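Take a look at the structure set out below.
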Amino acid sequence: MAETFIIIPGRTSRQGAGISEGKFKQNYQDEITQLQVAPEDMQRLNLQPGDWVRVSSESGQIEVQIKPAKGGELPPGLLFIAYGDLSSRLMGADTHGSGMPTSKGFDVEMVALPDYKPTPAT
Amino acid sequence: MATAETSPPPVSEEIKVIQDATCTFCGCVCDDIDLKVQGHKIIEAKRACVLGTAWFLGHEIEDRPMCLIRGQEASVAEGIERASQILTEAKYPLIYGMSDTTVESQRVAVGIGDWIGGLVDTTTSVCHGPSGMAFQGVGEVTCSLGEVRNRGDLIIFWGANPAESHPRHFTKYSLMPKGMFVPRGRKDRTCVVVDVRKTKSAKAADIFVQIKPRKDFEALWTLRALANGVDLDPEEVERETGQPFTVWTDLMDRMKAARFGVIFFGMGLTMTRGKHANTEALMALTRDMNKHTRFVCKANRGHGNVSGADNVVTWRTGYPFGVNLARGYPRFNPGEYTATDVLARKEADAAMIIAADPMANFSQPAREHLKSIPYIAFDPKETPTTRAAEVAFTVATYGINVPGTVYRMDDVPIPLRPAFDSPNPSDLSILNGIEKRVRELKAAEVN
Ligand code: SF4
């Protein structure tokens, strides 16, 4: 069943280094395609590292693998993903007259995809 | 620097050392990096952080054509011609990006925007644009990073995570340095991090205040009320901010007791609901604190020369970003003339993207529209944006191959000391070519 979370896309040092190494290279692609979930939420929802989930916002949806947030970084109810193609897909186009779409701290729904098989990248 | 017309210089394999090179990966713009360079490769970047090391050592001259038109190899001259046609034929062209290039290139790009009567917007609109709007509303009490280094004894990071985004911020400017009035360095400073996540920066702080997501505005106004002696209901404060009232009174006591307080703020404020209202609250709080002691604030700017982009667009048009030059004079209106809006609303009919990657960073409707219009892209590397461009130029990298000036996040101009020549042209040489050709085409329209 889908549950509502708040997602924070943001910079990580690995994502930042990946920009310089090349956006089509493994390091960057790995970093921007992993969703961090609070360990308490993973336990409650019976999720394991590497499981696939679908995350949907008002504006888009993504399928993504999860990993536990380290060192108490996320309180339960909060998700984190490094900035990139996937995080931008969830962002709405409306900037509320500011030029800036709401790109952090918006509501998403997350649902586990136990049988999900990603289509290989072309 | 190679130009569009010259052939690549011969490559020497001798190791050379470039002292005090400037890293332009982030807004810290560290200008104390010693580089060891062999041929077209940087093999060591002394003093660079993890991001700076990747920036320098990951720099490769990619084996890609200098110019592609619709994916087919073309000469730079053909690219300049096609780009000029696209820009002059368009009714509502957009020039966007510019935060990862020199002020010299930014200046020419804005000039082209003026000649074609287009929109000029920079990546500021999707990073600290809301701070720019707040600045116009309440002003900004601020200072240089040198003052923070020498005076700052209470350093607050709000919605910013420099440990991952500006890794040398702590050591070079804000926490560790022994300064004139903080002679024991870190021991003379108190560090507070306010954030919704317990980030890596939070772990470096003396005090971490974890607030409820989307409650920055309420937390900042709580502090404003305390700074101004306004009574508050402790229960309501805790319910709204997620932290007991005593946490805020304790923080305010420390802020009042500081000799030189500094708030660095990040995109945790500008990208979250409230946006410019959040940053306006923070700037107003900084102003309020000056009734008690010396207090300043400073946006932690991301890209190496995004501050330069604000400066150049401001001194050329009077406004920092989101400027419409279609009527022959500048108009500023974020939300109306900003890049993501004009693309998502399908208004722009051509674009020139300089050193930015909207095809990865913009909302889906904006990306879809950009893909459907002819646009020109400049980047040293292949990106989703260069892949979908009608004209894509592979350019030399600023700071590594190209000299010029960039503005550090505190608006201090810093010169670049390039490591080696690139066989690829600078964006400046191409932009100069486009400006010249655009002027010819515009003159022909009149005659
Ligand atoms: S802190 Fe920023 S400017 Fe300094 S070396 Fe690191 S990435 Fe470069």
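In what follows, chains are A, B, ... by sequence order, proteins preceding strands, each numbered from 1. Keep in mind that this is a model prediction, so the values were computed, not measured. The analysis underlying the following values was restricted to heavy atoms, covering all of them including side chains, and did not include hydrogens, waters or symmetry mates.
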Per-residue contact mode, B:P167 against chain A (heavy atom under 4.5 angstrom):
neither
Under a 4.5 Å heavy-atom cut-off, does chain A meet the side chain of B:T199, its backbone, both or neither?
backbone
Please round to the nearest 0.5 Å and tell me the distance separating atom CD of A:E21 and atom CG of B:L57.
10.0 Å
Hey, does A:S20 have a side-chain heavy atom less than 4.5 Å from the side chain of B:L51?
no
Heavy-atom pair count under 4.5 Å with chain B, highest-scoring of A:K23, A:R14, A:E73
A:E73
Can you tell which of B:E336, B:M133, B:K200 has the highest number of heavy-atom pairs within less than 4.5 Å of chain A?
B:M133
Taking side chain as everything from C-beta outward and backbone as N, CA, C, O, which of these in B:C26 sits under 4.5 Å from a heavy atom of chain A? Side chain, backbone, both or neither.
neither
Among the listed options B:A54, B:S165, B:P334, the residue most often paired with chain A at heavy-atom distances under 4.5 Å
B:P334
B:K215 atom NZ, neighbour heavy-atom count above 12 within 6.0 Å
yes
Part of A:K25 within contact of chain B (heavy atom distance under 4.5 Å):
side chain
Check: B:R367 and A:S88 side chains under 4.5 Å, non-hydrogen atoms
yes
Please classify the contact of A:T95 with chain B as side chain, backbone, both or neither, using a heavy-atom distance under 4.5 Å.
both
Picking from A:G10, A:S59, A:S87, A:G105, which has the most non-hydrogen pairs under 4.5 angstrom with chain B?
A:G105
Measure from the side-chain N and O atoms of A:S103 to the backbone N and O of B:M271, and report whether any donor-acceptor pair falls under 3.5 Å.
no
Does the structure place the NZ or CZ of B:R387 under 6.0 Å from the centre of the six-membered ring of A:F24, at an angle of no more than 45° from the ring's axis?
yes
Counting only non-hydrogen atoms closer than 4.5 Å, does B:T338 touch chain A with its backbone (N, CA, C, O), its side chain (CB onward), both, or neither?
side chain
Is it the case that the side chains of A:T12 and B:E164 hold a donor-acceptor pair, with the cut-off being a distance below 3.5 Å and no angle test?
no
Would the number of heavy atoms belonging to other residues, nucleotides or ligands and lying under 6.0 Å from CZ of A:F80 be above 12?
yes
Contact winner vs chain A - B:E60, B:K203, B:H276, heavy-atom pairs under 4.5 Å
B:K203
Measure the CE-SG distance between A:M100 and B:C127 for me, rounded to the nearest 0.5 Å.
6.5 Å
Taking every non-hydrogen pair under 4.5 Å, which of B:A344, B:G322, B:A360, B:G58 racks up the most with chain A?
B:A360
For B:K381, is the NZ atom crowded, meaning more than 12 foreign heavy atoms sit under 6.0 Å from it?
yes
Side-chain heavy atoms of A:T102 within contact of B:K275, under 4.5 Å
yes
By a 4.5 Å heavy-atom criterion (distance strictly below it), what part of B:T397 contacts chain A: side chain, backbone, both, or neither?
neither
Between A:G99 and B:V126, which heavy-atom pair has the shortest distance, and what is it?
O-CG1, 3.8 Å
Against chain A, label B:F25 side chain, backbone, both or neither, depending on which of its atoms sit under 4.5 Å from a heavy atom there.
side chain
B:K41 atom NZ: more than 12 heavy-atom contacts under 6.0 Å:
yes
For B:Q210, is it the side chain, the backbone, both or neither that has a heavy atom under 4.5 Å from a heavy atom of chain A?
side chain
Please identify, among A:S98, A:A93, A:A17, A:G84, the residue contributing the most non-hydrogen atom pairs under 4.5 Å to chain B.
A:S98
Side chains of A:L78 and B:P213 in contact at under 4.5 Å (non-hydrogen atoms):
yes
Taking CD in A:E58 as the centre, count heavy atoms belonging to other residues, nucleotides or ligands within less than 6.0 Å. Is the count above 12?
no
Check whether any side-chain heavy atom of A:I6 sits under 4.5 Å from a side-chain heavy atom of B:R214, and report yes or no.
yes
Do B:R345 and A:D94 sit within salt-bridge range, that is, some charged N less than 4.0 Å from a carboxylate O?
no
More than 12 foreign heavy atoms under 6.0 Å from CD of A:Q43: is that the case here?
no
So do B:N161 and A:R11 actually touch side chain to side chain, heavy atoms under 4.5 Å?
no
If the threshold is 4.0 Å, N to carboxylate O, is there a salt bridge linking A:D107 and B:R273?
no
Contact origin within B:V196 toward chain A - heavy atom pairs under 4.5 Å
both
